[in-house]
Amino acid sequence: VASIYAAGKFVPADPARAAHYFEKACEFGNSEGCANLAIEYFRTNLAGVQVDIGRALSMLEQVTATSNNARICNIIGFAYETGHGRPMDKVKARQFYEKGAALGEPAAWKNLARMQLAGEGGPPDHAAAALWLQKAADAQDGLSCLYLARLYHTGDGVRQDEPKAVALLKKARDLGVEPARLLLQQMQQ
């Protein structure tokens, strides 16, 4: 029921009702209900809706200790990175992203690379970031293509390769990333 209200496919979208039913599933110990509650919370901010996001995130954090759910690792990483539902802690965020990335979560690949590029939660590591960005770019993530193109353009963490940078910019543009389109346009002038 929660997914129906979240998606708005058969009824008008209603984030508050979706959150209510996701929270009920979470209360019954369903980790996917907790994960979806957290996603709905992050996506819509659920202004005025009373949900216990802290309890949901605590349950999810316990799940990560005993399972290999990459999606949940990414969700907990995001909570720590942004301070939504968890105290802001960039070190913990990066650790959860690292686990999620190692387990194969595409969103964690991009999030970890972004933190590695910025030196958030640990030292900068542009070479490692390039590897994660390549995985995300291969999975058709447009922003990852853009970030990786910048690295190839400057030779930062990778060997400088202008043709590869341009190819990645074109891929990012084709995936709908507006800054990539603008950069390509500037390059042609």
Side-chain angles (χ1 to χ4, degrees), residues 1-90 92-115 132-133 135-147 171-181:
V1 172
S3 295
I4 291 170
Y5 281 114
K9 288 190 179 185
F10 303 110
V11 297
D14 188 337
R17 278 198 168 158
H20 169 76
Y21 289 113
F22 283 137
E23 186 172 35
K24 288 290 180 201
C26 186
E27 288 171 3
F28 287 119
N30 182 297
S31 62
E32 284 302 308
C34 295
N36 286 318
L37 174 61
I39 290 168
E40 197 69 22
Y41 176 80
F42 298 144
R43 188 172 61 88
T44 64
N45 200 19
L46 297 174
V49 178
Q50 295 296 320
V51 295
D52 190 351
I53 195 64
R55 179 176 47 183
L57 291 170
S58 291
M59 182 179 173
L60 291 175
E61 199 163 347
Q62 290 172 357
V63 167
T64 65
T66 60
S67 80
N68 290 326
N69 189 316
R71 177 176 173 241
I72 291 175
C73 291
N74 187 65
I75 291 168
I76 297 298
F78 183 81
Y80 277 115
E81 181 185 5
T82 61
H84 288 96
R86 283 282 176 260
M88 187 179 289
D89 186 332
K90 301 287 185 167
K92 280 188 176 182
R94 188 161 164 171
Q95 290 169 347
F96 278 104
Y97 287 149
E98 286 171 347
K99 184 174 181 181
L103 292 170
E105 173 59 36
W109 297 336
K110 178 173 58 177
N111 291 331
L112 174 58
R114 189 177 33 73
M115 290 190 86
W132 292 119
L133 289 171
K135 289 178 80 67
D138 291 345
Q140 306 305 310
D141 184 81
L143 280 176
S144 295
C145 294
L146 176 64
Y147 299 152
K171 184 175 182 178
R173 176 204 59 203
D174 294 346
L175 290 168
V177 178
E178 183 64 15
R181 187 188 67 76

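Predicted, not measured: the structure shown is a model, and the values here were computed from it.
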Report the C-alpha distance between Leu175 and Cys145 in whole Å, list the side-chain angles of each, state the deciding distance to 0.1 Å, and finish with yes or no for side chain to side chain contact (heavy atoms under 4.5 Å, CB included).
-> CA-CA 9 Å; Leu175 290 168; Cys145 294; 4.2 Å; yes
Minimum side-chain heavy-atom gap [X]-[Y] below 4.5 Å:
| X | Y | value |
| --- | --- | --- |
| Asp14 | His20 | no |
| Glu81 | Met88 | no |
| Cys73 | Gln95 | no |
| Lys110 | Asn74 | no |
| Asn68 | Lys99 | yes |
| Glu61 | Arg86 | yes |
| Cys26 | Met59 | yes |
| Pro179 | Leu146 | yes |

For atom CZ of Arg114, decide whether the heavy atoms of other residues, nucleotides or ligands shown that lie under 6.0 angstrom number more than 12.
->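 More than 12 within 6.0 Å, yes.
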So Phe78 and His84, would you call those rings parallel, tilted or perpendicular, with 30° and 60° as cut-offs?
->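 The rings of Phe78 and His84 lie parallel, inter-plane angle below 30°.
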Report the distance from atom [atom1] of [X] to atom [atom2] of [Y], rounding to the nearest 0.5 Å.
| X | Y | atom1 | atom2 | answer |
| --- | --- | --- | --- | --- |
| Asp141 | Lys171 | CG | NZ | 9.5 Å |
| Asp89 | Thr82 | CG | OG1 | 11.5 Å |
| Lys24 | Leu37 | NZ | CG | 12.0 Å |
| Trp132 | Leu112 | CH2 | CG | 6.5 Å |
| Ile75 | Tyr80 | CD1 | OH | 14.0 Å |
| Ile76 | Leu57 | CD1 | CG | 4.5 Å |

Testing the basics here: between [X] and [Y], what is the closest heavy-atom pair and its distance to 0.1 Å?
| X | Y | value |
| --- | --- | --- |
| Ile4 | Val11 | CG2-CG2, 3.8 Å |
| Cys34 | Ala56 | CB-O, 4.0 Å |
| Ala38 | Ile53 | CA-CD1, 3.7 Å |
| Gly104 | Pro106 | O-CD, 3.1 Å |
| Ser144 | Ala136 | OG-CB, 3.2 Å |
| Ala13 | Ala6 | CB-O, 4.3 Å |

Is the side chain of Lys135 donor-acceptor paired with the backbone N or O of Ala101 at a distance under 3.5 Å, no angle test?
->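 It does not hold such a pair.
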Could you please spell out the steps behind the side chain to side chain contact (heavy atoms under 4.5 Å, CB included) verdict for Glu32 and Arg71?
-> CA-CA 10 Å; Glu32 284 302 308; Arg71 177 176 173 241; 2.5 Å; yes
